**Student:** 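Got a structure for you, questions after.
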Amino acid sequence: MLSSEEIKNLNEGTMMETLGIEYLDVKEGYVLARMFVKKELSQPYGMLHGGASMALAESIGGVGSAYYLGIKDYIIRGMQMSANHVKAAKVGTYVYATATIIHKGRQTHVWNIDIKNEDDELVSSCRLTNFIIKNS
C-alpha cells in the first residue's frame, strides 16, 4: 500500500500536480481529494471545464487502485471513463471528489467518483475502469 508521502511523490511533475489535487483521505477502496478551480481549469464562461473534472476523477481512481495494489508490483492504466456533468463549479471555489471502488477484480477495478462543490451539491458523477497489469 502507498503512503501519503509516496502519493505526493508519485504526483510530482505530473498532471495531478498541475491540477493542484490535494489528497485529504486515502484508504482501501476510498479516496477523498479536493481541487481549487483556478482560471486555467475553466472554460471561457468561468466554470470548471468538464475535462478537468474527468482528469480529477481519473487521477484519484488511479491513486485508489495504486494504493490498494502498490506501484512496485502493478501498473495501473485508465481503460474507460464516463462522466455526467450536472452542475457548474465557479472559478475561485473548491471541488471535492470522492472515489469508491465498486469492483475489485484481478485485472480490472471499477470506481465511482462523485465531484461536489463547496455546498455539497453534485457537479459531476464519473465512472472509471482501470486495467491492472502485473509488473514483471
Side-chain angles (χ1 to χ4, degrees):
M1 292 194 183
L2 291 175
S3 69
S4 58
E5 190 62 31
E6 287 174 311
I7 291 169
K8 183 177 181 250
N9 292 339
L10 185 66
N11 289 327
E12 283 184 8
T14 67
M15 179 184 272
M16 287 74 79
E17 184 177 56
T18 300
L19 291 171
I21 298 171
E22 300 173 67
Y23 294 91
L24 304 175
D25 191 13
V26 180
K27 53 190 168 198
E28 188 175 325
Y30 176 85
V31 179
L32 173 64
R34 76 177 183 170
M35 182 175 76
F36 185 70
V37 182
K38 54 188 176 180
K39 183 169 178 13
E40 295 84 358
L41 301 180
S42 72
Q43 37 88 321
Y45 304 105
M47 304 298 171
L48 178 64
H49 191 287
S53 295
M54 290 184 76
L56 169 62
E58 184 169 357
S59 297
I60 72 168
V63 163
S65 289
Y67 176 83
Y68 173 68
L69 295 168
I71 57 170
K72 293 179 179 78
D73 297 325
Y74 294 91
I75 298 167
I76 313 304
R77 297 282 186 261
M79 188 167 111
Q80 195 278 333
M81 181 87 185
S82 65
N84 289 297
H85 307 297
V86 297
K87 190 167 187 71
K90 295 178 184 176
V91 168
T93 64
Y94 279 95
V95 290
Y96 294 83
T98 304
T100 24
I101 198 161
I102 57 176
H103 167 74
K104 190 178 352 177
R106 287 179 303 184
Q107 294 184 317
T108 59
H109 288 173
V110 180
W111 291 84
N112 187 76
I113 303 105
D114 285 337
I115 301 171
K116 295 184 177 183
N117 63 20
E118 293 175 341
D119 294 325
D120 202 34
E121 299 168 317
L122 186 65
V123 171
S124 297
S125 184
C126 308
R127 184 66 53 97
L128 168 68
T129 302
N130 284 329
F131 188 60
I132 311 302
I133 304 165
K134 181 80 169 141
N135 200 359
S136 44

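Computed from a prediction, not measured in an experiment: that's the story for all the values here.
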**Student:** Is the backbone N or O of Glu12 less than 3.5 Å from a side-chain atom of Glu17, with the two atoms forming a donor-acceptor pair by type?
**Tutor:** no
**Student:** Taking the side chain as every heavy atom from C-beta outward, state whether Glu28 and Lys104 have any pair of such atoms under 4.5 Å apart.
**Tutor:** yes
**Student:** Identify the two heavy atoms, one from Ile76 and one from Ser65, that lie closest to each other, and give their separation to 0.1 Å.
**Tutor:** CG2-CB, 3.8 Å
**Student:** For Thr93, enumerate each residue passing the side-chain hydrogen bond (donor to acceptor under 3.5 Å, both in side chains) test, keeping only those at least two apart in sequence or located in another chain.
**Tutor:** none
**Student:** Could you go through the side chain to side chain contact (heavy atoms under 4.5 Å, CB included) check for Asn112 and Arg127 one step at a time?
**Tutor:** CA-CA 5 Å; Asn112 187 76; Arg127 184 66 53 97; 3.5 Å; yes
**Student:** Could you tell me if the side chain of Tyr74 sits less than 4.5 Å from the side chain of Asn135, heavy atoms only?
**Tutor:** no
**Student:** Keeping Asn117 on the side-chain end and Asp119 on the backbone end, is there a donor-acceptor pair under 3.5 Å?
**Tutor:** yes
**Student:** Honestly, is Lys38 close enough over Phe36, meaning NZ or CZ under 6.0 Å from the six-membered ring centre and within 45° of the axis?
**Tutor:** no
**Student:** When you group the ILVMFWY residues by side-chain heavy-atom contacts below 4.5 Å and let the links chain together, are Leu48 and Val91 in the same group?
**Tutor:** yes
**Student:** Looking only at heavy atoms, what is the nearest atom pair of Ala89 and Val37, with distance?
**Tutor:** O-CG1, 4.2 Å
**Student:** Check whether more than 12 heavy atoms from other residues, nucleotides or ligands sit under 6.0 Å from atom NZ of Lys72, and answer yes or no.
**Tutor:** no
**Student:** Less than 4.5 Å apart, any side-chain heavy atom of Ile75 and any of Phe131?
**Tutor:** no
**Student:** I would like to know whether Leu128 and Met81 meet side chain to side chain contact (heavy atoms under 4.5 Å, CB included); could you show each step before the answer?
**Tutor:** CA-CA 5 Å; Leu128 168 68; Met81 181 87 185; 3.8 Å; yes
**Student:** Working to the nearest 0.5 Å, report the span between CZ of Arg77 and CD1 of Ile133.
**Tutor:** 5.5 Å
**Student:** For the pair Val63 and Met16, evaluate side chain to side chain contact (heavy atoms under 4.5 Å, CB included) and give the outcome as yes or no after the intermediate values.
**Tutor:** CA-CA 10 Å; Val63 163; Met16 287 74 79; 5.9 Å; no
**Student:** Please examine the side chains of Leu69 and Ile132, heavy atoms only from C-beta on, and report whether any two atoms are closer than 4.5 Å.
**Tutor:** yes
**Student:** Is the shortest heavy-atom distance from the side chain of Lys116 to the side chain of Val95 under 4.5 Å?
**Tutor:** no
**Student:** Once you measure the plane-to-plane angle for His109 and Trp111, does it fall in the parallel (<30°), tilted (30-60°) or perpendicular (>60°) bin?
**Tutor:** perpendicular
**Student:** Drop me the distance from Asp114's CG to Asn84's CG, to the nearest 0.5 angstrom.
**Tutor:** 10.5 Å
**Student:** Check whether any side-chain N or O of Thr14 sits under 3.5 Å from a backbone N or O of Asn11 as a donor-acceptor pair, and report yes or no.
**Tutor:** yes
**Student:** Kindly compute the distance separating CD (Gln107) from NZ (Lys134), expressed to the nearest 0.5 Å.
**Tutor:** 12.5 Å
**Student:** Provide the closest heavy-atom pair for Ala97 versus Leu56 in the form atom of the first, atom of the second, distance.
**Tutor:** CB-CD2, 3.8 Å
**Student:** Using the rule that Ile, Leu, Val, Met, Phe, Trp and Tyr join whenever any side-chain heavy atoms are under 4.5 Å apart, tell me whether Met15 and Ile113 fall into a single cluster.
**Tutor:** yes
**Student:** Walk me through it: do Tyr23 and Ile60 pass the test side chain to side chain contact (heavy atoms under 4.5 Å, CB included)?
**Tutor:** CA-CA 8 Å; Tyr23 294 91; Ile60 72 168; 3.7 Å; yes
**Student:** Are Met35 and Tyr30 connected in a single hydrophobic cluster, I mean Ile/Leu/Val/Met/Phe/Trp/Tyr linked by side-chain heavy atoms less than 4.5 Å apart?
**Tutor:** no
**Student:** What's the separation between atom CG in Leu19 and atom CG in Leu41, rounded to the nearest 0.5 Å?
**Tutor:** 5.5 Å
**Student:** Which heavy atom of Cys126 sits nearest a heavy atom of Ile115, and at what distance?
**Tutor:** SG-CD1, 4.4 Å
**Student:** Please find the pair of heavy atoms, one from Gly78 and one from Asn130, that lie closest to each other, and give the distance.
**Tutor:** CA-OD1, 3.5 Å
**Student:** Please check if atom CE in Met79 has more than 12 non-hydrogen atoms from other residues, nucleotides or ligands closer than 6.0 Å.
**Tutor:** yes
